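Note that the coordinates shown come from a computational prediction; the quantities given were computed from them, not determined experimentally.
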Amino acid sequence: QVQLVESGGGLVQAGGSLRLSCAASGRTFSSYRMGWFRQAPGKEREFVAAIRWSGYSTVYADSVKGRYTISGANAKNTVLLQMNSLKPEDTAVYYCNVRQYNAIDYWGQGTQVTVSS
């Protein structure tokens, strides 16, 4: 129903920046929220940031607040995650997520972000 493709991951030095992009296709008209989760090796997947389409409000995990900025574009088909002041603990696979109004989630394949110290 919904397909998500992430891009923009890579290797960056601590203090550097990356911008992740997620492109959605399929049944995107039922999207309530679009955002990002991440999962580090041996850790549980955790929420990072999201944008609610109803009022374009944003929410961030405390660990990234003030450093990451999420934005949406292209009629709910695209979400961007600008990541600044990156830290080694930001290293993870980042997954794009769409939550529909019926509470069903869809996930992208993930993009690797590695921050070296």
[X] side chain near [Y] side chain, heavy-atom distance below 4.5 Å:
X	Y	answer
Arg33	Asn97	yes
Ser17	Val12	no
Val79	Cys96	yes
Val2	Gln100	yes
Gln112	Thr91	yes

Would you say the ring centers of Tyr32 and Tyr101 fall short of 6.0 Å from each other?
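Yes, they do, as the ring centres are separated by less than 6.0 Å.
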Just do the side chain to side chain contact (heavy atoms under 4.5 Å, CB included) check on Ser21 and Thr78 with the steps written out, would you?
CA-CA 7 Å; Ser21 178; Thr78 302; 4.1 Å; yes
Spacing of [atom1] belonging to [X] relative to [atom2] belonging to [Y], to within rounding of 0.5 Å:
X	Y	atom1	atom2	value
Ile70	Thr58	CD1	OG1	7.5 Å
Tyr60	Phe47	OH	CZ	9.5 Å
Gln13	Leu86	CD	CG	11.5 Å

Classify the angle between the aromatic ring planes of Tyr68 and Tyr94 as parallel (below 30°), tilted (30 to 60°) or perpendicular (above 60°).
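If you compare the ring of Tyr68 with that of Tyr94, the planes turn out tilted.
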Applying the 4.5 Å side-chain criterion to the ILVMFWY set and letting contacts propagate, would Leu11 and Val115 be lumped into a single cluster?
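Different hydrophobic clusters.
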Looking at Asp62 and Lys65, does any basic side-chain N land under 4.0 Å from a carboxylate oxygen?
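Between Lys65 and Asp62 there is a salt bridge, with a charged N closer than 4.0 Å to a carboxylate O.
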Do any pairs count as a salt bridge (Lys or Arg N to Asp or Glu O under 4.0 Å) and have a residue in residues 3-27, sequence neighbours left out, and if so which ones?
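Those involving residues 3-27 do not exist here.
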Among Asp90, Val113, Thr111, Leu81, exactly one meets side-chain contact (heavy atoms from CB on, under 4.5 Å) together with Leu18. Which residue is that?
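With Leu18 as partner, side-chain contact (heavy atoms from CB on, under 4.5 Å) holds for just one option, Val113.
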